[in-house]
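To start, the structure itself, in structure tokens.
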Amino acid sequence: ILNVEQSPQSLHVQEGDSTNFTCSFPSSNFYALHWYRWETAKSPEALFVMTLNGDEKKKGQISATLNTKEGYSYLYIKGSQPEDSATYLCAFMSNAGNMLTFGGGTRLMVKP
Amino acid sequence: EPEVTQTPSHQVTQMGQEVILRCVPISNHLYFYWYRQILGQKVEFLVSFYNNEISEKSEIFDDQFSVERPDGSNFTLKIRSTKLEDSAMYFCASSLLRGENIQYFGAGTRLSVL
């Protein structure tokens, strides 16, 4: 059974704060790591797909790093805004197939 | 922007009844998936489908479950005889290719089994 864990489970920050959360995943049989942003009652929205060790990706004020050797990825949000409030999910894909194994998510709440 | 659509958004059924959850994947995508999230738990993979057949399935996807692509646009998940523990949010997803390609998700169907 693949174990993908995210921390923290939830996070409350003030508008303008920068924040980061962690996704840990198996370091063996790695193929890709996906990050999604999920607002209640909406579709999970893909943020990044990361495949290479040392990869860094950026989309606006959100960025992510990847360490496949130790099995972790960080998601950073610089200068959080209330509209960044959502659950952030990471999902691991092994080289054995196409399925995504999800972490439990980090629920971010940004107060104005 | 193209999107994956799922209907209905909420389905209520009695234990033992059959349900069909419907999805319209993005039109040029070739790979299709079902996932589910039981309340308070992680999102779990159920099945992937390519070239009109199941390519992978999890232990959850037992004989009570089946998938079908009855025409060129719809992708359905059927649960033959629902149980209380089938209550969950069911997500459909599609991707153009496999591997590092993005899986695009629908907004989900909440299934409540009474």
Side-chain angles (χ1 to χ4, degrees), chain A residues 1-10 21 23-26 29-53 55 57 59 62 64 66 68 73 86-107, chain B residues 1-10 23-26 29-51 53-61 67 88-110:
Chain A
I1 295 178
L2 297 173
N3 206 22
V4 180
E5 298 295 337
Q6 290 186 248
S7 63
Q9 272 190 309
S10 66
F21 7 102
C23 172
S24 63
F25 51 85
N29 301 316
F30 175 87
Y31 190 84
L33 196 280
H34 295 233
W35 279 100
Y36 286 88
R37 179 178 177 279
W38 184 23
E39 289 183 68
T40 307
K42 294 188 179 177
S43 309
E45 173 201 352
L47 290 173
F48 307 112
V49 180
M50 308 181 80
T51 55
L52 299 174
N53 184 43
D55 222 359
K57 296 216 172 181
K59 185 176 183 177
I62 305 177
L66 181 69
T68 60
S73 176
T87 296
Y88 291 83
L89 295 167
C90 70
F92 169 84
M93 180 180 281
S94 79
N95 54 18
N98 226 15
M99 59 179 269
L100 293 175
T101 301
F102 282 84
T106 292
R107 189 169 172 224
Chain B
E1 186 174 308
E3 58 181 22
V4 176
T5 55
Q6 290 187 243
T7 55
S9 56
H10 190 191
C23 169
V24 179
I26 294 173
H29 283 188
L30 301 176
Y31 291 82
F32 314 108
Y33 314 86
W34 284 100
Y35 293 83
R36 77 173 186 188
Q37 186 185 36
I38 294 170
L39 192 63
Q41 297 186 23
K42 294 177 180 179
V43 175
E44 306 170 287
F45 169 79
L46 295 177
V47 66
S48 64
F49 192 84
Y50 168 72
N51 201 25
E53 59 183 29
I54 291 173
S55 49
E56 286 176 88
K57 61 181 182 177
S58 69
E59 289 174 359
I60 304 166
F61 194 87
V67 288
M89 180 74 93
Y90 287 80
F91 292 100
C92 173
S94 69
S95 65
L96 178 59
L97 299 171
R98 64 182 305 275
E100 68 267 28
N101 265 233
I102 292 172
Q103 292 185 18
Y104 292 85
F105 281 74
T109 293
R110 178 163 295 287

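Basis for what follows: all heavy atoms, side chains included, without hydrogens, waters or symmetry-related copies. Residue numbering restarts at 1 for every chain, and letters A, B, ... go by the order of the sequence lines.
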When heavy-atom pairs shorter than 4.5 Å are enumerated against chain B, which of [options] gives the highest number?
options	value
A/G103, A/G105, A/A91	A/G103
A/P44, A/G104, A/A46, A/A32	A/P44
A/V49, A/T101, A/L100	A/L100

**Report entry** Proximity breakdown for A/M93 and chain B, heavy-atom pairs closer than 4.5 Å
**Finding:** side chain
Query raised in the report: For A/F48, is it the side chain, the backbone, both or neither that has a heavy atom under 4.5 Å from a heavy atom of chain B?
Result: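 Neither part, no heavy atoms under 4.5 Å.
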Report summary line: Smallest heavy-atom separation, B/I102 atom then A/H34 atom, equals CA-CE1, 4.5 Å
Query raised in the report: What closest approach, in Å, do A/S43 and B/A107 show between heavy atoms, and which atom pair accounts for it?
Result: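 Minimum heavy-atom contact is OG-N, 3.2 Å.
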Query - Other residues, nucleotides, ligands: >12 heavy atoms within 6.0 Å of A/E45 CD - result: yes
**Report entry** Residue pair A/W38 / B/F105, side-chain heavy-atom distance below 4.5 Å
**Finding:**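 Sidechains of B/F105 and A/W38: no contact.
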Requested in this report: Evaluate the side-chain proximity of B/K42 to A/E5: yes if any heavy-atom separation is below 4.5 Å, no if none is.
Outcome: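 Answer yes - side chains close enough.
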Query raised in the report: Can you tell which of B/F91, B/Y31, B/Y104 has the highest number of heavy-atom pairs within less than 4.5 Å of chain A?
Result: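 Looking at each option in turn, the highest pair count goes to B/F91.
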Report task. Mind ranking B/M89, B/Q41, B/E44, B/Q37 by heavy-atom pairs under 4.5 Å with chain A and telling me who comes out on top? Result -> B/Q37
**Report entry** Spatial distance of atom CE (A/M99) from atom OH (B/Y35) [nearest 0.5 Å]
**Finding:** 7.5 Å
Query raised in the report: Is B/E56 reaching over with its side chain to a backbone N or O of A/A96, donor-acceptor style, under 3.5 angstrom?
Result: no
